[in-house]
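Below is one structure; the comments refer to it alone.
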2 protein chains.
Amino acid sequence: MLNYSESLDRTFHALADRTRRAMVERLVRSPASVSELAEPFAMSMPAVVQHLKVLEDAGIVTSQKVGRVRTVQLAPDALAAGGEWIGRQRLPAEQRLDRLAAQLIDDDPQEH
Amino acid sequence: MLNYSESLDRTFHALADRTRRAMVERLVRSPASVSELAEPFAMSMPAVVQHLKVLEDAGIVTSQKVGRVRTVQLAPDALAAGGEWIGRQRLPAEQRLDRLAAQLIDDDPQEH
DNA sequence: CGAATAGTTAAGCATCTACTTAAGTATTGC
DNA sequence: GCAATACTTAAGTAGATGCTTAACTATTCG
């Protein structure tokens, strides 16, 4: 198992490339083959496969090959750790506003 | 102004390094000088300054120099765009669970 | 079987990244 | 003024990254 920091390194590094983000956005809709994922990009097949490897090493996608087709899908909670890390880095001022908002909603649920 | 994709590139790239993430975590507590930020790391001052430049180029921190001291602080909503992008990439299955949870809370606020 | 399809492997290359050391420039305190 | 402090600038380097082309393997279809 990877340590937490290394895992965040890989997650954020994987997301730091627009091609890979576009692949993730596509995979939110449904799983896809490597060719389907390659189709929108003016890029060789090996390049696409290398991007997929980065996503897979980061635990963002999983894949399995059936026959000659590899199907790639988003891992459940793929981006949870990254999202949570970001969520934690809020200025105290913002956190206070968040708590205030949460409290208003809690106190008076029928008003929102 | 940068386009959205380029801005996400920089944000996620900035966060893909544990040294820079540690700096962000430190800055959540309060603004700090370059030397204060450098202190936890076994790294030369120029290396630290280069990391800060990456964070600043990504819009995650801002800084200004007064006298010989440069003070660095987290930008308000520094990570908002990155957090929102991640938030959007949820499998439909997870989104359904989220909506279910939200609905349960809305329907029955005193029960949680 | 033989051709088309889907992906894989290997090698090479320009550029970027995360450092380093060395030398410089403003401030500030004595 | 002069030394200490707090950066800053410049130049260099090993290794990672994002591609490429070429050649290969496995599977499916007619």
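Residue numbering restarts at 1 for every chain, and letters A, B, ... go by the order of the sequence lines. Just so it is clear, the values below take in all heavy atoms, side chains as well, and ignore hydrogens, waters and symmetry mates. What you see is a predicted model; the values in this text were computed from it and never measured.
- Look at B/His51 and you won't find any side-chain N or O under 4.0 angstrom from OP1 or OP2 of C/dT17.
- Note on A/Asp9 versus B/Arg18: salt bridge recorded, some NZ/NE/NH1/NH2 to OD/OE distance being below 4.0 Å.
- Here B/His13 does not reach the OP1 or OP2 of D/dT17: none of its side-chain N or O atoms lies under 4.0 Å away.
- Looking at B/Gln50, its side chain comes within 3.5 Å of the base of C/dT20 through a donor and an acceptor atom.
- Note: CZ (A/Arg18) to C1' (D/dC19) measures 15 Å, nearest angstrom.
- Ion pair A/Glu25/A/Arg21 not flagged as a salt bridge, since none of the NZ, NE, NH1 or NH2 atoms sits closer than 4.0 Å to an Asp/Glu carboxylate oxygen.
- For the residue pair B/Gln73/B/Ser63, the side-chain donor-acceptor check at 3.5 Å is not satisfied.
- Separating the NZ atom of B/Lys65 from the P atom of D/dA6 is a distance of 12 Å, rounded to the nearest angstrom.
- In this structure, the CZ atom of B/Phe12 is 18 Å from the P atom of D/dT17, given to the nearest Å.
- For the pair B/Arg20 and C/dA18, the criterion of a side-chain N or O lying under 4.0 Å from OP1 or OP2 is met.
- Contact between the side-chain N/O atoms of B/Ser33 and the OP1/OP2 oxygens of D/dC7 is found at a separation under 4.0 Å.
- Per the geometry, CG belonging to A/Leu37 stands 13 Å off C1' belonging to C/dG7, to the nearest Å.
- Taking only side-chain nitrogens and oxygens, A/Ser44 comes nearer than 4.0 Å to OP1 or OP2 of D/dT20.
- For B/Arg70 and D/dT8, the shortest distance from a side-chain N or O to OP1 or OP2 is below 4.0 Å.
- Residue order along DNA chain D, read from the 5' end via each residue's closest nucleotide, puts A/Asp17 first among A/Asp17 and A/Val66.
- Going from atom CE of B/Met45 over to atom P of C/dT21 covers 14 Å, rounded to whole Å.
- The separation between B/Asp9 atom CG and D/dG18 atom P is 10 Å, rounded to whole Å.
- Side-chain contact, B/Gln64 with B/Thr71: no donor N or O sits under 3.5 Å from an acceptor N or O.
- Here the nucleotide nearest the side chain of A/Arg68, chosen from D/dC19, D/dT27, D/dT9, is D/dT27.
- In terms of phosphate contacts, B/Lys53 brings no side-chain nitrogen or oxygen within less than 4.0 Å of OP1 or OP2 of D/dT8.
- Between A/Phe12 and B/Phe12, the two ring planes are parallel [angle under 30°; tilted spans 30° to 60°].
- Regarding A/Arg10, its CZ atom lies at a distance of 13 Å from the C1' atom of D/dA16, rounded to whole Å.
- Taking only side-chain atoms of A/Thr19, from C-beta outward, the nucleotide of D/dC19, C/dC19, C/dG7 with the closest atom is D/dC19.
- One interatomic measurement links the two molecules: CG of A/Asp57 to P of D/dG18, which rounds to 12 Å at whole-angstrom precision.
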